[in-house]
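In what follows, a structure is listed as structure tokens, so that the remarks can point back to it.
All heavy atoms count here, side chains included; hydrogens, waters and symmetry mates do not.
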Amino acid sequence: MADAVRLLYGKGRRRIAYIGPAGTDRVLNEHRFAGYLEGLDSVGIGRGNALYESVHLSPQDGYEGTLRLLDRETPDAIVAANDNAAIGVLRALKERGLDVPGRVMLTGFDDSDAAAFLEPSLTTFSVPAEELGRFAAKIIVDRCMNERDCPIRISIPYTLIE
């Protein structure tokens with residue numbers, strides 16, 4: 001998410017919004033919102049200027065959250081927490097007559113199959129899901145066998161798909 005913000009900032013965007021989970025429920029990927037805030041800080045926008053709508057990761061929620069955001073203000077870029085939410089974001093932007101990517105740039109995350117079939121196609125970040133699954137399985141087995149319950153942070157490389 002931080003790299004998505006930096007990418008959009010590098011393309012001249014300054015009012016970068018986030019659509020996705022922004023709460024504290026660990027199941028809802030709050031780390032993506034934290035990455036968005038980190039990105040704002042890293043480019044000098046600052047988290048005090050964050051524009052966001054907290055929504056679940058579905059096209060419908062992305063759509064409805066974007067409409068609520070647009071009722072308040074119009075960003076020049078939106079970082080969606082995943083490609084599913086980005087599908088809804090794109091629909092809302094088009095319904096409001098906002099040119100994508102001209103007026104509002106949009107990024108997703110996860111490189112879903114649908115991303116390439118959207119019009120315009122979606123800029124997204126591809127994460128190796130199989131490798132991520134293997135790490136998750138190893139962590140679960142380790143915790144069951146060794147009764148460890150300490151936090152673990154794993155960095156897995158991703159690929160930007162524009």
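- Between the CG atom in L51 and the CD1 atom in I19 there is a gap of 9.5 Å [rounded to 0.5 Å].
- Contact of the V100 side chain with the P120 side chain is registered, since non-hydrogen atoms from C-beta on lie closer than 4.5 Å.
- Y63 and L122 are members of different hydrophobic clusters when ILVMFWY side chains are connected at heavy-atom separations under 4.5 Å.
- Side chain of R6 to backbone of S42: no donor-acceptor contact under 3.5 angstrom is found.
- Side-chain contact of D111 with T124: a donor-acceptor pair under 3.5 Å is absent, judged by distance alone.
- T66 places a side-chain N or O within donor-acceptor distance of the main-chain N or O of G62, the cut-off being under 3.5 Å.
- Between P75 and L69 the shortest heavy-atom distance is CG-CD2, 3.9 Å.
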Which is it for L8 and V5 under the side-chain contact (heavy atoms from CB on, under 4.5 Å) test, yes or no, and what are the steps along the way? CA-CA 5 Å; L8 294 166; V5 171; 5.9 Å; no

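- Sorted by first and then second residue, the pairs that involve residues 96-107 and meet salt bridge (Lys or Arg N to Asp or Glu O under 4.0 Å), not counting sequence neighbours, are D71-R96.
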Going through the checks in order, is the side-chain contact (heavy atoms from CB on, under 4.5 Å) test met by L93 and L70? CA-CA 8 Å; L93 292 170; L70 294 173; 4.0 Å; yes

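- The backbone N or O of E162 lies less than 3.5 Å from no partner atom in the side chain of T123, so there is not a single donor-acceptor pair.
- Between D76 and R13 there is no salt bridge, since no side-chain N of the basic residue sits under 4.0 Å from a carboxylate O of the acidic one.
- Side-chain N or O atoms of N82 include one that pairs as donor or acceptor with a backbone N or O of N84 at under 3.5 Å.
- In this structure, the side chain of D41 engages the main chain of R47 through a donor-acceptor pair within 3.5 Å.
- Y52 meets the ring pair (Phe, Tyr, Trp, His ring centres under 6.0 Å) test with F33; sequence neighbours excluded.
- Nearest approach of A2 to E38, heavy atoms of both residues: CB-OE2, 3.8 Å.
- The hydrophobic cluster containing V55 does not contain L67, counting ILVMFWY residues as joined when their side-chain heavy atoms lie under 4.5 angstrom apart, directly or transitively.
- Placement of I161 and F109 in two distinct hydrophobic clusters is found when ILVMFWY residues are connected by side-chain heavy-atom separations under 4.5 Å, directly or transitively.
- Residues T107 and A4 approach most closely at OG1-CB, 3.8 Å, considering heavy atoms.
- Not a single donor-acceptor pair under 3.5 Å links the side chain of D61 to the backbone N or O of L57.
- Taking all atoms of both residues into account, the shortest heavy-atom contact from Y9 to I16 is N-CD1, 3.9 Å.
- Across all their heavy atoms, Y18 and M1 have their closest contact at CE1-SD, 4.2 Å.
- Contact detail for A116 and S121: the closest heavy-atom pair is O-CB, 3.8 Å.
- Ionic pairing of K94 and E119 is not present here: no N-O contact between side-chain nitrogen and carboxylate oxygen is shorter than 4.0 angstrom.
- Applying the salt bridge (Lys or Arg N to Asp or Glu O under 4.0 Å) test to pairs two or more places apart or on separate chains, those with a residue in residues 48-57 are E53-R68, E53-R72.
- We find the OG-CG distance between S126 and D110 to be 9.0 Å, quoted to the nearest 0.5 Å.
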